[in-house]
Number of protein chains: 2
Amino acid sequence: MEELKNILKMHNISPSLHRLKILEYIHRPYTHSTADEIFQALEKDIPTLSKTTVYNTLKTFEKNGIISALSIFENETRYEFKKQEHAHFKCEKCGEIFDIAHPFDFLKETELEGHFIKNQLIYLKGICRNCLQKTENA
Amino acid sequence: MEELKNILKMHNISPSLHRLKILEYIHRPYTHSTADEIFQALEKDIPTLSKTTVYNTLKTFEKNGIISALSIFENETRYEFKKQEHAHFKCEKCGEIFDIAHPFDFLKETELEGHFIKNQLIYLKGICRNCLQKTENA
DNA sequence: TTACATGTTTGCAATCATTACAAATTTATA
DNA sequence: TATAAATTTGTAATGATTGCAAACATGTAA
């Protein structure tokens, strides 16, 4: 919790309870949460929490580079704690999302067909290892 | 126009006027259109056109593999005629979207961290060649 | 040609994620 | 303690998309 507080302070965001709780939720490993998911999870602890606050806070975090917003999952925006760059894999069967350490760093800060590439986003789809195993055993 | 008709027929979709017009619009090179954009463009020619028809038609085309839906551009879904796989580049300055012939085919139909990869989606951001040139000349 | 079944299109209402905004509340500061 | 500033809330608005039932068009068989 102290660590989270420091993250906020380092980004000049005052660590209010709500902000800390939201950050805590996103900070758990392998989360790719929607605003609604976060809201529903925290509502229990903080009954006065408003969804607008969740949206506001997520926007603040994103602006300050603490989290990343992923627009690649159909209509809902998903948020994750910013960390080393990686690809995202979504299983077509179970819908689970996995982070994948990806080997495409050679693209960053380079030129492609005359355009200067700053960022890359890689999204993979297929069948995840869990679902593959289930099929084998069936 | 005959070509478009054949595309529909080959996918067992009867080539009604509306469907042909919508397909024609998407078939133009380098389009990454939203449903609304298509609707507004065709409304002039087909005054009775309804937006629901545009959505219905796009969904039909997508199901039949004629077009691809891109969810990566913030909130709006964009559609493009299905063709050879490629990456998408969006310019941070002018917002224009470019297709990029991409060199990542090695990923397809392969395995990564235990998951079976079927599809990949690559999204790049940066400054496009046009905007770069403008900056140089300024 | 008519009548019916089928497929297509329409228009409107509903949904869902997100944002705008102003009021209420809390916190920090003088 | 009073006041300013920041934070949070609640509600209404927006915008993309979907559901649905009615209207319309088309093809087919009698």
Side-chain angles (χ1 to χ4, degrees), chain A residues 4-5 7-9 11-26 32-64 66-80 95, chain B residues 4-5 7-9 11-26 32-64 66-80 95:
Chain A
L4 299 178
K5 231 178 228 178
I7 292 172
L8 291 184
K9 278 179 190 162
H11 288 86
N12 285 317
I13 300 170
S14 65
S16 73
L17 171 72
H18 292 183
R19 286 176 179 160
L20 275 170
K21 283 289 187 181
I22 292 171
L23 184 56
E24 187 186 25
Y25 191 86
I26 301 182
H32 306 88
S33 318
T34 62
D36 192 65
E37 204 179 306
I38 297 169
F39 173 70
Q40 288 193 21
L42 299 185
E43 220 184 357
K44 295 158 198 161
D45 280 350
I46 318 171
T48 69
L49 183 67
S50 138
K51 206 180 251 187
T52 305
T53 301
V54 175
Y55 276 107
N56 288 343
T57 305
L58 289 172
K59 193 139 279 184
T60 306
F61 287 177
E62 204 201 336
K63 255 190 212 144
N64 285 274
I66 298 179
I67 64 176
S68 311
L70 310 175
S71 305
I72 48 181
F73 299 110
E74 282 77 50
N75 31 17
E76 314 175 299
T77 306
R78 287 174 179 273
Y79 299 89
E80 65 174 0
Chain B
L4 299 178
K5 232 178 229 181
I7 291 172
L8 290 184
K9 279 180 191 163
H11 287 87
N12 285 316
I13 300 170
S14 66
S16 73
L17 171 72
H18 293 182
R19 287 177 178 158
L20 275 170
K21 283 289 188 181
I22 292 171
L23 184 57
E24 187 185 26
Y25 191 86
I26 300 181
H32 304 88
S33 319
T34 63
D36 193 65
E37 204 179 307
I38 297 168
F39 173 70
Q40 288 193 23
L42 299 184
E43 218 185 357
K44 294 158 199 158
D45 280 349
I46 318 173
T48 69
L49 184 65
S50 138
K51 207 182 252 187
T52 304
T53 300
V54 175
Y55 276 107
N56 288 343
T57 305
L58 290 172
K59 193 139 281 184
T60 305
F61 287 178
E62 204 201 335
K63 255 189 212 142
N64 285 276
I66 298 179
I67 63 176
S68 311
L70 310 175
S71 304
I72 47 183
F73 299 110
E74 282 79 51
N75 32 17
E76 313 176 298
T77 306
R78 286 173 179 276
Y79 298 88
E80 66 174 359

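Everything numeric here is computed off the predicted structure, so don't read it as measured data. Reckoned from all heavy atoms, side chains included, excluding hydrogens, waters and symmetry mates. Chain A is the first sequence line, chain B the second, and so forth, proteins listed ahead of strands; every chain is numbered from 1.
Closest heavy-atom contact between T77(B) and A69(B): CG2-CB, 3.9 Å. Across R19(B) and F61(B), no two heavy atoms sit closer than the pair O-CZ, 3.5 Å. The two atoms that bring L4(A) and L23(A) nearest to each other are O-CD2, 3.7 Å, heavy atoms only.
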Inset, instruction - Classify every nucleotide of nucleotides 15-28 of chain D by which part a protein heavy atom approaches to under 4.0 Å, writing B for the base, S for the sugar-phosphate alone and - for neither, in 5'-to-3' order. - result: -SBBBB--------
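With rounding to the nearest 0.5 Å, the separation of OG1 in T53(B) from NZ in K21(B) is 15.0 Å.
L42(B) places its CG atom 14 Å from the C1' atom of dT9(C), with the value rounded to the nearest Å. Going from atom CG of L17(B) over to atom C1' of dT8(C) covers 12 Å, rounded to whole Å. When the C1' atom of dT19(C) is taken as reference, atom CD of E62(A) falls 14 Å away, rounded to whole Å. Atom CD1 of I46(B) is separated from atom P of dT8(C) by 16 Å (rounded to the nearest Å).
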Only pairs under 3.5 Å count here: list side-chain donor-acceptor contacts from residues 39-50 of chain B, not counting sequence neighbours, and write none if there are none.
residue, atom, partner, partner atom, Å
Q40(B), NE2, D36(B), OD2, 2.9
S50(B), OG, T52(B), N, 3.1

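Put simply, the side chain of L58(B) reaches to within 4.5 Å of the side chain of I26(B), judged on heavy atoms.
The side chain of T48(A) has dT9(D) as its nearest neighbour among dT9(D), dT10(C), dT8(C). Which of dT9(D), dT7(D), dG7(C) sits closest to the side chain of S14(A) comes down to dT7(D).
Within the structure, a side-chain polar atom (N or O) of H18(B) is placed less than 4.0 Å from OP1 or OP2 of dT10(C).
Residue contacts for T53(B): at a heavy-atom cut-off of 4.0 Å it reaches a base atom on one of the strands shown.
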